[in-house]
Amino acid sequence: MTDRSQRSRPTGELLLSLREISKNFGAVSALTGIDLDVHAGEVVALVGDNGAGKSTLVKILAGVHQPTTGTISFQGRPVHLSTPSAALQLGIATVFQDLALCENLDVVANIFLGQELSPLRLDEVAMEVRSWTLLNELAARIPNVRDVVASLSGGQRQTVAIARSLLLDPRIIMLDEPTAALGVAQTAEVLNLVERVRDRGLGVIMISHNMEDVRAVADRIVVLRLGRNNGIFTPDASNQDLVGAITGATDNAVSRREGRLQGGREQFPEALQ
Amino acid sequence: MTDRSQRSRPTGELLLSLREISKNFGAVSALTGIDLDVHAGEVVALVGDNGAGKSTLVKILAGVHQPTTGTISFQGRPVHLSTPSAALQLGIATVFQDLALCENLDVVANIFLGQELSPLRLDEVAMEVRSWTLLNELAARIPNVRDVVASLSGGQRQTVAIARSLLLDPRIIMLDEPTAALGVAQTAEVLNLVERVRDRGLGVIMISHNMEDVRAVADRIVVLRLGRNNGIFTPDASNQDLVGAITGATDNAVSRREGRLQGGREQFPEALQ
Amino acid sequence: QTAGTVAFLMPDQASTRYEQHDFPGFKAEMTKLCPDCTVIYQNANADVALQQQQFNSVITQGAKVIVLDPVDSSAAASLVSLAQAQGIKVIAYDRPIPGKTADYYVSFDNQGIGKAIAESLMNHLKQMGVPTDKGGVLQINGSPTDAAAGLIKDGIHEGIAAGGYKTLAEFDTPDWAPPKAQEWASGQITRFGADIIGVVAANDGTGGGAIAAFKAAGIDPVPPVTGNDATIAALQLIIAGDQYNTISKPSEIVAAAAANVAVKMLNGETPAAEMTLYDTPSQLFVPAVVTRENLKAEIIDKGINTAAELCTGRYAEGCDELGIK
Amino acid sequence: MSNDIPVAKPAPTQLDRSDVRVSHATGISGAVGSFFNRVKSGDLGSLPVVVGLLIIWSVFTSLNPVFLSANNLVNLLFDCSTVGVIALGIVCVLMLGEIDLSVGSMSGVGSALIGVLWVNQGVPLPLAIAAAVTMGAIVGAIYASLRTRLGMPSFVSTLSGLLALLGLQLYMLGSTGSINLPYGSGMVNFGQLMIMPAWVSYLLALLPGLVILYTGLRAMDQRRNANLTPGSTGGLVLKASAIAAGLVGIVFYLNTGRGVPWMFGLFVGLVVVMNYALTRTKWGRSMTAVGGNAEAARRAGISVRRIYISAFMLCSMFAALGGVLSSARLASASQQAGTGDVNLNAIAAAVIGGTSLFGGRGNAWSALLGIIVIQSIANGLTLLNLSSSLRYMITGGVLAIAVIVDSLARQSRVSHGRA
Amino acid sequence: MSNDIPVAKPAPTQLDRSDVRVSHATGISGAVGSFFNRVKSGDLGSLPVVVGLLIIWSVFTSLNPVFLSANNLVNLLFDCSTVGVIALGIVCVLMLGEIDLSVGSMSGVGSALIGVLWVNQGVPLPLAIAAAVTMGAIVGAIYASLRTRLGMPSFVSTLSGLLALLGLQLYMLGSTGSINLPYGSGMVNFGQLMIMPAWVSYLLALLPGLVILYTGLRAMDQRRNANLTPGSTGGLVLKASAIAAGLVGIVFYLNTGRGVPWMFGLFVGLVVVMNYALTRTKWGRSMTAVGGNAEAARRAGISVRRIYISAFMLCSMFAALGGVLSSARLASASQQAGTGDVNLNAIAAAVIGGTSLFGGRGNAWSALLGIIVIQSIANGLTLLNLSSSLRYMITGGVLAIAVIVDSLARQSRVSHGRA
Ligand SMILES: Nc1ncnc2c1ncn2[C@@H]1O[C@H](COP(=O)(O)OP(=O)(O)OP(=O)(O)O)[C@@H](O)[C@H]1O
Ligand SMILES: Nc1ncnc2c1ncn2[C@@H]1O[C@H](COP(=O)(O)OP(=O)(O)OP(=O)(O)O)[C@@H](O)[C@H]1O
Ligand SMILES: [Mg+2]
Ligand SMILES: [Mg+2]
């Protein structure tokens, strides 16, 4: 869209490095032999088809799942991320695809969950102010931060989850489809945000199905397909190449649809019902 | 993207018509005086900011919530949608944003929930075959339809929810952000699907934050803002107009971001932390 | 004749006697002796705390005399002191209150009951010529958390020891529940088989459970099984020859005695005492063991139950045999 | 490229084999292998409870060999049946994440009704049983409407019910205390003596294997025709014959003693019927759905209210039936029937067997397995001479041990990411 | 346009007033109005239970005026305190969606320990109490580790615990049956006689109002400074004075009788502390979070294991303390202590007060309210001459009625979309 060549910036220290990560769920191999590197000040986009294993990979890095095999090193040292708090302590903050919010708590409580101010006498006022600030930064449209999360719309929840991750002072932020439910303005703010944290030297892993967003902020695009590495692209790769790598075929639904639309509209065979 | 003028087709009978629909949740007015018409063979896109009330409107039409005030007529007759099954019986099928799947049931059971074949002796084979067919139509990547939905990825769940709605023989299909979690190929298939059902004379209400997708399939674009009608657009409206109507300002995050990107990259003030 | 409020506090529901016999008997006698007196009846459902509540509550309602059958004999001591501190008289009923001297004690002797049923069984076994060195009896006690059950249990121990027969196994039945007794007895039947020469059960319910276990194991004839309370069901089993004995406690007698004492206390008199137990002036009634032999005499002739109540359906035949009409 | 062929191309491979990430087992060795894989990953269904049961049994047998004697096991089966039927009803409400604390009292009322109607009033037995079950249905319907119309938590409504029904039971039996059911009547014989003829028991023991084999082969055929993987014939035959052999073995052993009680047969029959209803009918599917996510089920057009009514009614009806059976077992309708730990035992049986208290997970077999565990402990302890205090402590400990195996297995399933 | 000002512009309006869709109430009339709005939409907190309670009270008073006599109410308060403390512990585990069925037995063990250690062994009373509470802590820790390490459902582990602890209680008291606590000792006086001096009771009755006023005003100040809406001062004063007036009124009435028991004061004190801990500390927040969504809490870095341990330990410790209090109340450590319906009453109290059995919703006040409801029913019925069967039926019915009001209110909340 815009000229991206200016983006080839020197990247910082190697923060995170995965080697040969595999994960089986029963008979399903969700991940097989995944390698991935993330440097400081770099946005790595993780793309792939539905069920390609992106979220599973993120969950492994967040300490939610344990890999079946493979090694993870953080700043050169091999680490064992046995619980989410281990990952949080290393400075790995995550926005999960399923958001992982407590529906029975209000917005403020969710944002500060696990990092409440003054543990023995919660400072509700300070927390509320900080929540409003964070949410406004993300252009959130939340009527009342004292409403429980259960009453929020999908996009509002997503903003809350993103706001959560900003509270910490992480080394790496992982965003699993952060803009999926967001409105256009909120999406723009999140992309701004990603660029901001990248510029502050954090590593960012971002998962998205929106190729435009990906190309807008990513320094490197890592493609997963059916649980395996399927190529690394630069943001200036063509849409066709990317979609080809994601779907594993040049003749895919996207190209067919585009072809059809260019070829004019026609009747569809009755494939439904 | 492609030439859309050919799209101005004669629309069919007036299926659904809302007048002055309002909905309050406690102190929050989620919807105020909404009017909406849907004709047979028409795709109405419902767009709006996060929390604009789109899902609330859909839930009212699906019988999940009752409107505080206002009238709904279906095929000219005023109707009272007191339960979801009332809506389903009128032929209003819905894909909810929060998907509304039973995590403890497998994919097949979820797809057929409420419309199982042969109630006294479930025909598992026939249901499984039909499920595979529906899912393949949507280019789903589901390893095993006998896995419980709890083990599926976000996109896989969304495909299951969409597949569900195709089982019925509805007059209207409402899709609440159906492509949010979908991969590129699956998105293309869903857009194909929307066009297919439209051409079969069904009314379609589609909610999306992706303006491109909206413009690709919609016949009419209805904008909600803070719970009120905020204009109706045709698919050839400019992005700027649409985003302006959605955010309520011409100077919005999207335009700012675009402006900035065109103006070259610069340092951000430290708004984070 | 001073009118006043008298409270009648009963402990549990384990048998129907309190509501079928004790209270009606007490009430009837009270109406006779003091028509203007108010009688408050409460049942604590085997809950000590509830009994305390009821005790406090009748005091608030102005009871001057409280007839107390304590759920827990020793815990009741504090209730007695509480009442006496306010000048309220307490009559210990059915179960003694050893920890604190009540103003009077009327009862059938629980320990005596245990001893009586056990002895009666022992004698029966001797009469039948069962050798003391072969086999032994099963002992089914009442609830492990019930103080009265503990007294009966002690009595049974005494009785068996005197008889010279062995005890094969012993069981405290939780909540006096007949199904539990049945389950346990079934287990012992597979365990000891023909070695079981009799069962000493602490009440009719558990005894009935034991009989059901023998029947279910196909053992015929059923070894002699004891009981206690003389419930209609048990009397019928005795008539049918399935149960050996039970204890007839015409509670109305004791209840009437209690009413007598209560009215005297209301009038400020000191009731006469036959004996002193636990430092308390007491009146003890000796219960009668009922077997097939004396059932007619003890139950029908004394008007405790009528033939019509007992001789229903399949029991009519047994009634004829015993000459009950 | 512009031709819009549906993406589901005529599949070269079977429909459910199209994903390369799934590993598939083939043949007998595959079936056995995948079984061991499931063992390793803890995905075992009822197996851990069975293992826990075996542990309990070996311990009790080593303490007193009488435990495993055929006649003792027959007693065990008799005793299982009454509370087992109640637990079966509990499974229904637990499936919805609800609870019924009143099953004990309900069973007491059931047994009291038999005593009063049949013995005292001379109503024909079938009518009396029908009355008891109808009473259960009414009570269940009341709970369900309190739950669905007023949103009253079932814990509270059934606690009220517990008290009210207990009062009713006392009231009905008030004048007499307890009522003897006539020894020698068919009813009492059914509860105490009636044993299947050997040939019937063997036939019934073979039946499950045959049914599994037949339905399995039919399903395979259908699947093959529908272009789905049929699964391994060898595995199926292995499974069917293992089950048949196991059951025949058990029946043989029981027949060396008194044999298989009809009452237990009735209980197992009810379990099988409920299992079919819960797994193979639309109603059962709806039950699971409502238990897992009531809102999703509602949005799918399921009448959540009707599901609640059916579950609560079934639960109370089974409780009443259990009361009827227990009166037959005890040959008496007593005031204590259904009091004490009947409630807890029935609920615990369902939970121990693997039904979740939170809804959406459970099966009819859990009632059977759970009640066998509980009764085994009770029965095993009756064979030891213990003081009450020790008996309680040991019951507690053994119960914990029985469930630890299951918990460990489930834990391993979680750590294998299949929670 | 190219300047990247954070979107949060220096707010012209207060932060939480920026959304036009929210209607706000101002001033006293606003506060009152919004209260009535909440009544209409059913968003009422504990009010419906209080209404239910008032209904029960009026009925009982009309049946027997003694019910409302000051001394009867004082008795009621004494009786509330023991099971109430146990219910307070139950609230903790219910918050996590867990259950503890063993609180009754645990309280029995607690009271037995007092009897054995203090009375029989001559251990100083504080040490004996500490021993009882420590015992509770150990038992709770065991449950918690069975739950977190082995994933054993707490229903099963605490059921085992119920039995094992009951055995232990019987074992400890085995030789003597039950042990009387010395009448006249401070302990027994505390449980039976000790009443606050009038001035203390009035002071304590005023305190809540003052604290509400003070903290409310302070919070308003902070909020104003932080550019948040401070809320209405008038409303606050109204609320604080209503509470103060209500409490003083109640205390005045009780003082016309014997006065306010210290034991009840202790109970309320514990409720207040727990309420603070649950609502105003990080620990309480984590409890609510784990109860609502344990996985989300875990991902937020909360040590779910530690939360479980704390909850189960607190529950068993409160149960043990409740046992200590009940031994003081009865002046006896008996074998019956903690048996019977102590378990159900404690759990029911928490549930009736509004704590959910499914976790994530509840508060410490529910223990207080719930136990008052339950004890009012029990106490009210002791003032009527009823046969047991009637008593049970009426208890059941009244219990249902007490909760129906709450259920109706919640129902209306659901239909107003605020489930
Ligand atoms: N807990 C689990 N148990 C079993 N299978 C699982 C589990 N979690 C994920 N899977 C499987 O692993 C595969 C990868 O899932 P994952 O969520 O990582 O996909 P994804 O790339 O994030 O997809 P999407 O774009 O749809 O979010 C899927 O096929 C899914 O079925
Ligand atoms: N059950 C509820 N209780 C209270 N408030 C609610 C409830 N449901 C929705 N709301 C409020 O109504 C408003 C509209 O929500 P809705 O879900 O309709 O938004 P939406 O347009 O679908 O947004 P999104 O694009 O984020 O999905 C939101 O402010 C939300 O907080
Ligand atoms: Mg994902
Ligand atoms: Mg929405």
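Below, chain A is the first sequence line, B the second, and so on; all start at residue 1.
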Nearest heavy-atom approach of A/Val129 to E/Ala226 is CG2-CB, 3.3 Å

I need the full list of side chain to side chain donor-acceptor pair (under 3.5 Å) pairs touching residues 106-122 of chain A, with sequence neighbours left out, sorted by first then second residue.
A/Asp106-A/Arg146

Distance-minimising heavy-atom pair for E/Ala296 and A/Ala100
CB-O, 3.3 Å

Less than 4.0 Å between a side-chain N and a carboxylate O, is that true for A/Glu124 and E/Arg285?
yes

Closest non-hydrogen contact found for E/Arg298 with A/Gly63 is NH1-O, 4.3 Å

Please classify the contact between A/Ile142 and chain E as side chain, backbone, both or neither, with a heavy-atom cut-off of under 4.5 Å.
backbone

Based on non-hydrogen pairs under 4.5 Å, which of E/Gln222, E/Glu295, E/Arg280 is most in contact with chain A?
E/Arg280

Rounded to the nearest 0.5 Å, the CG atom of A/Leu122 sits from the CH2 atom of E/Trp283 at a distance of 12.5 Å

Counting only non-hydrogen atoms closer than 4.5 Å, does E/Arg224 touch chain A with its backbone (N, CA, C, O), its side chain (CB onward), both, or neither?
neither

Please find the pair of heavy atoms, one from E/Ala289 and one from A/Leu113, that lie closest to each other, and give the distance.
CB-CD1, 3.6 Å

Considering only heavy atoms, give the residues of residues 349-359 of chain E separated from chain A by less than 4.5 Å, sorted numerically, with 'none' for an empty result.
none

A/Asn104 (side chain) donor-acceptor with E/Arg361 (main chain) under 3.5 angstrom
no

Apply salt bridge (charged side-chain N to carboxylate O under 4.0 Å, His left out) to E/Arg223 and list each qualifying residue two or more places apart in sequence or on a separate chain.
A/Glu128, E/Asp16

Return yes if some donor-acceptor pair links the side-chain N/O of E/Lys282 with the main-chain N/O of A/Leu120 below 3.5 Å, else return no.
no

Could you tell me which portion of A/Phe112 (side chain, backbone, both or neither) has an atom closer than 4.5 angstrom to a non-hydrogen atom of chain E?
neither

Shortest non-hydrogen contact between A/Leu101 and E/Asn293, atoms and distance:
O-ND2, 3.1 Å

For A/Ala62, which atoms come within 4.5 Å of any heavy atom of chain E: side chain, backbone, both, or neither?
neither

Against chain E, work out which of A/Val64, A/Leu88, A/Leu135 has the most heavy-atom pairs shorter than 4.5 Å and name it.
A/Val64

Does a sphere of radius 6.0 Å around OH in E/Tyr276 hold more than 12 heavy atoms from other residues, nucleotides or ligands, not counting ones at 6.0 Å or beyond?
yes

Distance check, rounded to the nearest 0.5 Å: E/Asn227 atom CG versus A/Trp132 atom CH2?
11.0 Å

Greatest number of non-hydrogen atom pairs under 4.5 angstrom with chain A, of E/Ala219, E/Ser303, E/Gly360, falls to E/Gly360

Side chain to side chain donor-acceptor pair (under 3.5 Å) partners of residues 84-100 of chain A, not counting sequence neighbours, each pair once:
A/Ser55-A/Gln97, A/Thr83-A/Ser85, A/Gln97-A/Glu177, A/Asp98-E/Arg299

